[in-house]
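Below: the structure, in structure tokens.
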Number of protein chains: 2
Amino acid sequence: MSDPTTLGDLQLAIMRVLWARGEASASEVHAALLAERGLAPTTIATMLRKMEDKGVVRHRAEGRQFVYRPAVEERAVRRGMVGELVERLFLGDPAALVNHLLSDGQIDPDELEALKELIAGRERRAQGGSGRG
Amino acid sequence: MSDPTTLGDLQLAIMRVLWARGEASASEVHAALLAERGLAPTTIATMLRKMEDKGVVRHRAEGRQFVYRPAVEERAVRRGMVGELVERLFLGDPAALVNHLLSDGQIDPDELEALKELIAGRERRAQGGSGRG
DNA sequence: ACGCCACTACTACCGCGGTAGTCCCACCGA
DNA sequence: TCGGTGGGACTACCGCGGTAGTAGTGGCGT
């Protein structure tokens with residue numbers, strides 16, 4: 001348990017590949033990230049192994065290749081990392097983060113509409129009953 | 001330039017003290033954080049020095065004490081760190097972060113109202129012209 | 001069958017946040 | 001003047017993300 005979800009930048013990039021594909025060999029991950037990162041294949045492989053130690057991915061052998069699969073959901077990672085940021089930066093108040101986003105002008109004006117609807121929907125659901133599961 | 005704004009947990013805690021007080025000596029910071037952290041005074045002092053190297057605080061000598069002062073605004077730090085998270089986790093789309101916060105149920109239902117008003121106000125301002133300041 | 005190649009395993013190393021000990025100096029008080 | 005004390009300076013060390021070289025191993029092609 002503890003806090004499995006605090007991934008670095010490269011780890012996140014790797015996870016994105018894995019989440020998108022469901023699974024991928026080390027070389028596939030490397031190929032997928034080559035353009036944006038240009039890292040050595042061993043770097044990816046090493047990272048993948050470290051990530052497996054951490055429990056965020058798992059692998060199975062397919063021939064002489066390792067095929068990696070995410071062991072944590074994207075949602076959980078998001079929750080963990082966002083939660084940590086909120087804790088660190090906004091003293092645990094998520095609304096303060098939204099507040100910051102809004103008042104800092106980091107959100108496109110045209111997104112505001114969509115957000116309002118999102119909130120409205122959320123309100124309706126909250127009244128309807130129970131929380132999340 | 002670069003990216004001055006990526007502070008660790010302790011650094012943030014120290015900055016909070018500094019932001020709140022305007023300035024504080026190393027011992028004052030230590031005293032302020034003793035309860036919640038229980039760290040050695042030297043730890044705080046070391047951190048403060050490292051932070052000065054990074055340019056996030058400045059000091060002036062007052063007698064034999066160093067009085068530290070923030071060299072970056074809280075807002076800037078928030079922006080930097082939130083921005084980084086958004087980049088890493090939401091591919092640069094801040095609205096996606098809000099979306100996550102909302103749909104993940106991390107926001108108290110009673111906060112939704114306040115948020116809606118915030119958005120409304122933001123919309124009005126956006127129409128009014130100019131950007132942030 | 002043998003050698004090369006592809007892949008994984010091991011190891012090393014850097015930077016940095018975090019934590020703290022020790023040293024040294026300067027100032028204050030006796 | 002001399003000693004104690006408080007505070008900064010230096011140094012060290014751990015863990016971890018990130019990066020990569022090198023070693024080892026097993027399979028495939030010739």
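Chain A is the first sequence line, chain B the second, and so forth, proteins listed ahead of strands; every chain is numbered from 1. It should be emphasised that the depicted structure is a prediction, and the values quoted were computed from it without experimental measurement.
- Taking the C1' atoms of five terminal pairs at each end of the helix from C/dA1-D/dT30 to C/dA30-D/dT1, the two resulting helix axes are inclined by 20°, rounded to 10°.
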Show the numbers, then the answer: is there a side-chain contact (heavy atoms from CB on, under 4.5 Å) between A/R69 and A/R60?
CA-CA 8 Å; A/R69 201 160 49 96; A/R60 77 167 200 275; 5.5 Å; no
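- C/dG17 atom C1' lies 17 Å from atom CD of B/E52, rounded to whole Å.
- Of all heavy-atom pairs between A/M15 and A/V56, the closest is CE-O, 3.4 Å.
- Summary of the strand contacts: A/Q11 and B/A26 both lie near DNA chain D, and taking for each the nucleotide with the nearest heavy atom, the more 5' one is attributed to B/A26.
- In this structure, B/M81 and B/L12 have side chains that are in contact, with non-hydrogen atoms separated by less than 4.5 Å.
- The distance from atom CE of A/M47 to atom P of C/dA9 is 15 Å, rounded to the nearest whole Å.
- Computed from coordinates, the A/E84 CD to C/dG17 C1' distance equals 13 Å when rounded to whole Å.
- By the 4.5 Å heavy-atom criterion applied to side chains, A/R79 and B/L101 are not counted as neighbours.
- Using a cutoff of 4.0 Å between basic side-chain nitrogens and carboxylate oxygens, B/R75 and A/D104 are scored as salt-bridged.
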Pairs under 3.5 angstrom, nitrogen or oxygen only, protein versus nucleotides 9-11 of chain D, please.
from	atom 1	to	atom 2	distance (Å)
D/dA9	OP2	B/R49	NE	3.2

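- Remark: P of C/dG17 and CG of B/L48 are 14 Å apart, rounded to the nearest angstrom.
- Considering only side-chain N and O atoms, B/Q65 lies nowhere under 4.0 angstrom from the phosphate OP1 or OP2 of D/dG6.
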Full working for side-chain contact (heavy atoms from CB on, under 4.5 Å) between B/L34 and B/L39
CA-CA 6 Å; B/L34 226 201; B/L39 294 174; over 6 Å; no
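- Distance A/H30 NE2 to C/dT8 P: 12 Å, rounded to the nearest Å.
- For the residue pair B/Q11 / B/K50, no side-chain donor-acceptor distance below 3.5 Å is found, with atom types taken as modelled.
- Straight-line distance from the CG atom of B/L7 to the C1' atom of C/dG15: 16 Å, rounded to whole Å.
- When each of A/A40 and A/R64 is assigned the nucleotide of DNA chain D with its nearest heavy atom, A/A40 is the one assigned upstream, toward the 5' end.
- What separates CG of A/D53 from P of C/dC10 is a distance of 10 Å, to the nearest Å.
- When rounded to the nearest whole Å, the span between CG of A/L10 and P of D/dT19 equals 5 Å.
- Between B/L102 atom CG and A/E117 atom CD the span is 12.0 Å, to the nearest 0.5 Å.
- For C/dA20, one of the phosphate oxygens OP1 or OP2 lies less than 4.0 angstrom from a side-chain nitrogen or oxygen of B/T43.
- Taking the six-membered ring where tryptophan is involved, the planes of A/Y68 and A/H59 are tilted, since the angle between them lies from 30° to 60°.
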